[in-house]
Structures are given as C-alpha cells and as structure tokens.
Amino acid sequence: MATSAISFDVGDYVVYPKHGVGRVIELQNQEIAGMQLELYVLRFEKEKMTLRVPVNKAESVGMRKLSSDKTLKEAMETLKGKPKVKRTMWSRRAQEYEAKINSGDLVSIAEVTRDLFRPDDQPEQSYSERQIFEAASSRLARELAAMEKTDEPTALKKILDVLKVSAPQWYEKAE
C-alpha cells in the first residue's frame with residue numbers, strides 16, 4: 001500500500017474542507033466490508049462531531065494541515081481589501097460563497113467574510129447573508145485560533161477589528 005503524501009499525527013489540528021478545523025484524536029484500524037482500513041478519527045468540538053477519514057483518502061477529500069503563516073497573512077490582508085459585490089442574483093452568489101467556504105481555502109473564506117461584512121451604520125443584511133457571513137467568519141476564526149493558540153471568540157474579535165478598520169473607507173466612497 002502506497003503511503004500518503006500527507007500524514008497527520010494524533011493531536012494535530014487539521015482542516016477538513018466541509019467542516020473546518022478539527023483535531024486528530026486517534027488512528028484506528030477497522031475492518032469495513034472485509035477490508036482492513038486505517039482511519040484518522042477527527043473531532044470537531046464546535047459541532048460536537050466525530051469524523052472517520054480513511055488515511056488513503058485524506059488527501060483526495062482535501063484534508064490538510066493548518067495554513068502556513070504566509071497564507072494566514074494573505075487572508076488577513078484580503079480582509080482589508082475592497083469588498084467585491086457582484087450584481088448577480090442572490091441565490092447564485094450564495095452558492096458561490098458556500099463553495100468558497102467549503103473549499104477549505106483560507107483566502108477564499110476571507111474573501112466571503114470581507115464581501116459579506118456590514119458595518120453597524122450600514123443597512124441590515126438579509127437572514128441568509130448573515131448566516132453565510134457567520135459561517136465564513138467562524139470558519140476563518142477557528143483556523144486563526146488554532147494557529148495562534150487562542151480561542152475562537154478572541155480570533156473572531158481580531159477578524160472583526162480588521163474589518164471595522166478597513167470597511168469605513170470603502171463604504172464612505174460608495175455613498
């Protein structure tokens with residue numbers, strides 16, 4: 001059996017594209033349909049969920065280690081950029097945002113967070129915009145928290161602080 005190009009150890013934080021940051025809590029060997037499989041057992045605290053991923057499938061499902069410092073820096077810079085608001089129908093944009101969040105790519109998640117952020121003095125968001133914003137910002141905050149060895153609320157505050165500083169320059173010009 002060929003060894004996977006990426007491997008994770010018990011205790012490692014990993015990113016699973018559809019669920020965000022989890023932790024490898026054990027390696028298991030199980031017999032499934034008559035085959036012996038080696039599995040990573042991942043725990044996602046926020047969702048109170050456990051996921052088993054075959055070691056040989058980890059790379060193909062997009063499971064990865066936490067982002068590099070360079071990628072994190074790029075994501076934080078993305079938050080400072082000008083929000084891109086497309087004039088397409090909300091349902092189409094919502095699908096694009098969901099796809100970016102589920103890609104697991106930190107910079108794409110930062111783009112969604114930036115694009116859907118609304119300063120307090122701006123018009124209210126729709127319920128679905130708010131839901132997607134919260135999903136993206138939470139996913140970003142969890143990876144930031146794991147990388148900076150802090151908690152999610154602290155990381156989320158840091159993200160929102162960056163957005164609050166950057167947003168006024170974009171929204172004042174728009175009026």
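Along the sequence shown, residues carry numbers from 1. Just so it is clear, the structure is predicted and the values come from calculations on it, not from any experiment.
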Does the side chain of Q131 come within less than 4.5 Å of L116's, by heavy atoms? no
Return the minimal non-hydrogen interatomic distance between A155 and A141, and the atom names on each side. CB-O, 3.3 Å
Main-chain N/O of K57 paired to S60 side chain as donor or acceptor, under 3.5 Å: yes
Ignoring hydrogens, what is the shortest heavy-atom contact between S103 and P17? Give both atom names and the distance. O-CB, 3.8 Å
Just wondering, more than 12 heavy atoms not from Q36 lying within 6.0 Å of its CD? yes
Do the non-hydrogen side-chain atoms of E143 and I109 ever get within less than 4.5 Å of each other? no
Which atom names give the shortest non-hydrogen contact between V107 and A75, and what distance separates them? CG2-N, 4.0 Å
Okay, side chain of R64, backbone of G104: is any donor-acceptor separation there less than 3.5 Å? yes
Determine, stepwise, if the pair K46 / S138 fulfils side-chain contact (heavy atoms from CB on, under 4.5 Å). CA-CA 10 Å; K46 186 169 176 117; S138 173; 3.5 Å; yes
Side-chain contact, heavy-atom cut-off 4.5 Å: M76 with K158? yes
Would V61 and V41 show up in the same hydrophobic cluster when neighbours are defined by side-chain heavy atoms closer than 4.5 Å? no
Gap separating the NZ atom of K80 from the CZ atom of R114, nearest 0.5 angstrom: 13.0 Å
Taking atom CE of M63 and atom NE2 of H19, what is their separation to the nearest 0.5 Å? 12.0 Å
Shared ILVMFWY cluster between V162 and L156, side chains joined below 4.5 angstrom? yes
Side-chain touch D115/Y97, heavy atoms, less than 4.5 angstrom: yes
Hey, could you give me the CG/OG1 distance between D105 and T71, rounded to the nearest 0.5 Å? 8.0 Å
By the definition side-chain contact (heavy atoms from CB on, under 4.5 Å), identify the one residue from L140, L160, I132, I101 that meets it with T113. L140
Side-chain donor or acceptor of Y16 paired with backbone N/O of G22 under 3.5 Å: no
Working to the nearest 0.5 angstrom, can you tell me the gap between S67 OG and L106 CG? 4.0 Å
Testing the basics here: between V10 and E26, what is the closest heavy-atom pair and its distance to 0.1 Å? CG2-CA, 3.7 Å
Taking the side chain as C-beta and beyond, is there a heavy-atom pair between K73 and K70 under 4.5 Å? no
Could you give the distance from NZ (K48) to CZ (R43), rounded to the nearest 0.5 Å? 7.5 Å
Could you check whether any side-chain heavy atom of D69 comes within less than 4.5 Å of a side-chain heavy atom of M147, counting everything from C-beta outward? yes
Nearest 0.5 angstrom please: K100 NZ to R139 CZ, how far? 14.5 Å
Are V53 and F44 joined in one hydrophobic group, where the rule is that I, L, V, M, F, W and Y side chains link up if heavy atoms are under 4.5 Å apart? yes
Side chain to side chain, T50 and L42, heavy atoms closer than 4.5 Å: no
Any side-chain heavy-atom pair from E98 and Q95 closer than 4.5 angstrom? no
Can you give me the closest heavy-atom contact between S7 and Y40, atom names plus distance? CA-OH, 3.4 Å
Under a single-linkage definition using a 4.5 Å side-chain heavy-atom cutoff for Ile, Leu, Val, Met, Phe, Trp and Tyr, are I25 and V55 assigned to the same hydrophobic cluster? no
Can you classify the ring geometry of F133 versus F117 as parallel (below 30°), tilted (30 to 60°) or perpendicular (above 60°)? tilted
Tell me whether K157 is salt-bridged to D161, with the criterion being a basic N under 4.0 Å from an acidic carboxylate O. yes
Which pairs, with at least one residue in residues 7-18 and sequence neighbours excluded, count as a salt bridge (Lys or Arg N to Asp or Glu O under 4.0 Å)? D12-K65
Single-linkage hydrophobic cluster L51~V14, side-chain heavy atoms < 4.5 angstrom: yes
Donor-acceptor pairs are to be reported for all side-chain atoms of residues 83-92 against protein atoms at under 3.5 Å, with residues two or more places apart or in another chain.
{"unit_1": "K86", "atom_1": "NZ", "unit_2": "E96", "atom_2": "OE1", "d": "2.8"}
{"unit_1": "W90", "atom_1": "NE1", "unit_2": "S128", "atom_2": "OG", "d": "2.9"}

Regarding E134 and R130, does a basic nitrogen lie under 4.0 Å from an acidic carboxylate oxygen? yes
